[in-house]
Each structure stands twice: as C-alpha cells, then as structure tokens.
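Data first, discussion second: the structure below is written as structure tokens.
Counting starts at 1 for both ligands and their atoms, following the listed order.
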Amino acid sequence: MTTESTAGVSARERVRHPLTMRSLVVTRTLDIAPTLRRITLSGDDLHGFVSQGPEDHVKVFFPDPATGTVTLPVRDEFGRPVPGAAPVISRDYTPAEFRPGTAGDAPELDLDFVLHGDNGPASAWAARAGTGSTLIIGGPRGSQLPPTGISRLVLVADETGFPAAARWLRATPDAVDVRLILAADPDLTDTYFTTAGGNVSITVVPPRSDELEAAVRMISESDVATYVWAGAEATSLIPVRRYLRRELGLHPAALNISGYWKRGVVALDHHAPLDPEDPEN
Ligand SMILES: Cc1cc2nc3c(=O)[nH]c(=O)nc-3n(C[C@H](O)[C@H](O)[C@H](O)COP(=O)(O)OP(=O)(O)OC[C@H]3O[C@@H](n4cnc5c(N)ncnc54)[C@H](O)[C@@H]3O)c2cc1C
C-alpha cells in the first residue's frame, strides 16, 4: 500500500462547446498502414469547429450496413435523446488534426480509422470510403485542457489512441519528460510518430496486455509531477490502472485512463467503469 501522491498535479480545466451536427464530405484518404486509414473531411459545416483537448472526441454517425441509411438521434425540447424507430449507429473518433482554412482554402478535419474488418460499421465504412463519401459528426461537446505544471507525461495507447497521443505530443512543452508507451506493430509506430521530440522516450510492445502492464511498471517513482493518459483496449488497461493507482499511488486527478474499445463488445461505452473491482472509476 502506498500513500496517494498528488505531486503538484491539479485538476484539468474543462471547456464546454455547443452541440453541433456537421455534414461533411471526404476530400481524400491516406492509407498510413494496411490497418490505419486517414480520412480527410471538409465542408462549410466545419466553420466554427473547435477542439482544444488532446483526447477530445466526436460522435460519428454511420449508415446501417443492412439498409445504407444513416439515422440521427432525435432530441426532446431539453436536448435529451428520445428513442426512434431505427437504431442510431454512432462511434467515437478523435479529431486527429483540424485545419481551419485560410482565405480560399476550405477547413479540413482528419480522422484516423483503425481498419479491423467488416465486423463493425465504422471500420467497414472507413475501409470503403473515398472522395465524395459523406459523413455526419457531432461534437466535440467539451474539451479537457492539458494539465499545467507537470514535469512528466506518460502516454499509453494502441492504434485507436494514436491520434490522441499525437495531439498530446503536439500540446506538451519541450521541458516535460514524455514517456510514450505504444501497443502496436513497430513499423506502424515508426510511420505514425515521425516527429516525436527529443524529450520523448518511446517503448513499443506487441498488443498484448501483460507486456503493456510491464512497460508501464517501468514508471516507478511517484514523487515527480506526473500525468498519465491512456486510450487503448479496455481489458489491457485494467492492470495498468491498478498499478498506477494502487501501487504507485497516483491521485485520480493525475490520470485519465479510458477503454477505447473492448474485445468482443460492440460500441463500448467509454464512460462505463473500466475496472469492475474499483468503485472509483
Ligand atoms: C474517446 C474515444 C476516441 C476514439 N478515437 C478513435 C480514433 O481516433 N480512431 C479509431 O480507430 N478508433 C477510435 N476509438 C475507438 C473506436 O470508437 C472503436 O474501436 C469502435 O468500437 C469502432 O467501431 P466499429 O463499428 O468499427 O466496431 P464495433 O461495432 O464497435 O465492434 C465490432 C467488433 O469489433 C471489435 N473492435 C472494435 N474496435 C476494434 C479495434 N480497434 N480493433 C480490433 N477490434 C475492434 C469489437 O470488440 C467488436 O467485437 C475511440 C474511442 C473512444 C472512446
């Protein structure tokens, strides 16, 4: 049992954004790797798009693979969703990069999709999308700004967390010691994280939970102002979270550990508790 360490990390500032739905068009695609496809979206609806937090997400609405129809949520006068006749198929994606556009240039938004097969409507859509395909997104509804006053940042991600991890790297001052722990194919990590700065150490492990936990256990001192962000397969993050909270004693304000998908689960709700044994999360 360790004592809890706050080590100077204070709660991150939250910013709310009005919920806006946007109809967008695919202007190009880039296959970063056979399993990762960048889809660039554009359209007048992107004017006013704001995403200030590195792990922000948008809700993306996909066509029903059986009918090809996109169903949007219906809301009552208080903005609460009401059930409709057809199911709403939506998934969460990270705004990998937003370019607001200058005079003459339209705004553009990149979303990076993991292609894991046709067993999910999002992956199936992304595998077939091309110039002229359309997509509706909602949000982000809010942003958590990066923490201030930290001296060490630990980022843990599989491919689904790469866009957020890359945003964290861009948002973090050079003076911060960054440990980037990635569960993915090394060829892909080299291609994706080409511009990691001098103060970033990278550990790559195969996408298996025990090795991810072992890599995180290399973070052993709790007396430096450390913030940990993680976005990856949910089950693989349970032992990571237990180590950081129970053994290293990091304060809840110093962590954001989020299951981005879960093996065998359709449309994982990332607000659901990650660790069923821990009432705090
Ligand atoms: C905040 C947040 C941000 C996210 N950002 C991104 C992002 O930028 N890019 C991205 O690719 N994903 C991202 N994800 C993860 C993405 O939302 C899920 O992977 C989602 O389940 C994909 O939907 P789907 O329709 O393809 O599969 P689903 O219909 O949800 O699932 C069908 C089957 O596929 C499996 N599955 C789902 N995702 C994967 C995967 N990645 N690899 C292998 N099997 C899988 C499920 O376990 C299930 O068995 C994010 C998730 C969250 C919570």
In terms of relative ring orientation, are [X] and [Y] parallel, tilted or perpendicular, with 30° and 60° separating the classes?
X: Phe162; Y: Tyr192; value: tilted
X: Trp229; Y: Tyr260; value: perpendicular
X: His270; Y: His57; value: perpendicular

With a heavy-atom distance limit of 4.0 Å, tell me whether [X] approaches ligand 1 through its side chain, its backbone, both, or neither.
X: Leu268; value: neither
X: Glu159; value: neither
X: Pro163; value: side chain
X: Trp261; value: side chain

Legend entry - Under 3.5 Å: N/O of Gly264 near N/O of ligand 1: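 In this structure, Gly264 places an N or O atom under 3.5 Å from an N or O of ligand 1.
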Using side-chain heavy atoms (C-beta onward) and a distance below 4.5 Å, is [X] in contact with [Y]?
X: Pro73; Y: Phe61; answer: yes
X: Arg242; Y: Glu277; answer: yes
X: Thr203; Y: Arg179; answer: no
X: Pro146; Y: Pro54; answer: yes

Legend entry - Validation row, ring centre Trp168 to ring centre Tyr227 under 6.0 Å: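 Yes.
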Step through the shown structure and confirm whether more than 12 heavy atoms of other residues, nucleotides or ligands are within 6.0 Å of [atom1] on [X].
X: Asp76; atom1: CG; result: yes
X: Met218; atom1: CE; result: no
X: Lys262; atom1: NZ; result: no

Among protein heavy atoms, which lies nearest [atom], and at what distance?
atom: atom 41 (N) of ligand 1; value: Thr160 CG2, 3.3 Å
atom: atom 32 (C) of ligand 1; value: Asn119 O, 3.4 Å
atom: atom 9 (N) of ligand 1; value: Asp112 O, 2.8 Å

What atoms in ligand 1 come closer than 4.0 Å to a heavy atom of [X]?
X: His57; result: 1 (C)
X: Val266; result: 29 (O), 30 (O), 31 (O)
X: Ala267; result: 28 (P), 30 (O)
X: Ala122; result: 23 (O), 24 (P), 25 (O), 26 (O)
X: Lys262; result: 46 (C), 47 (O)
X: Ser123; result: 26 (O)

Inset, instruction - Please state whether Val265 comes within less than 4.0 angstrom of ligand 1, counting heavy atoms only. - result: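 It does; at least one heavy atom falls under 4.0 Å.
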Closest candidate by heavy atom, reference [atom], pool [options]:
atom: atom 8 (O) of ligand 1; options: Ile89, Asp158, Val58, Thr94; answer: Thr94
atom: atom 53 (C) of ligand 1; options: His270, Glu55, Arg91; answer: His270
atom: atom 39 (C) of ligand 1; options: His116, Glu233, His271; answer: His116
atom: atom 4 (C) of ligand 1; options: Val114, Leu36, Asp92; answer: Asp92
atom: atom 22 (C) of ligand 1; options: Trp125, Tyr260, Phe113, Tyr93; answer: Tyr93

Legend entry - Short N-O contact, Asp177 and Arg152, less than 4.0 angstrom: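 Result for this pair is no, no salt bridge flagged.
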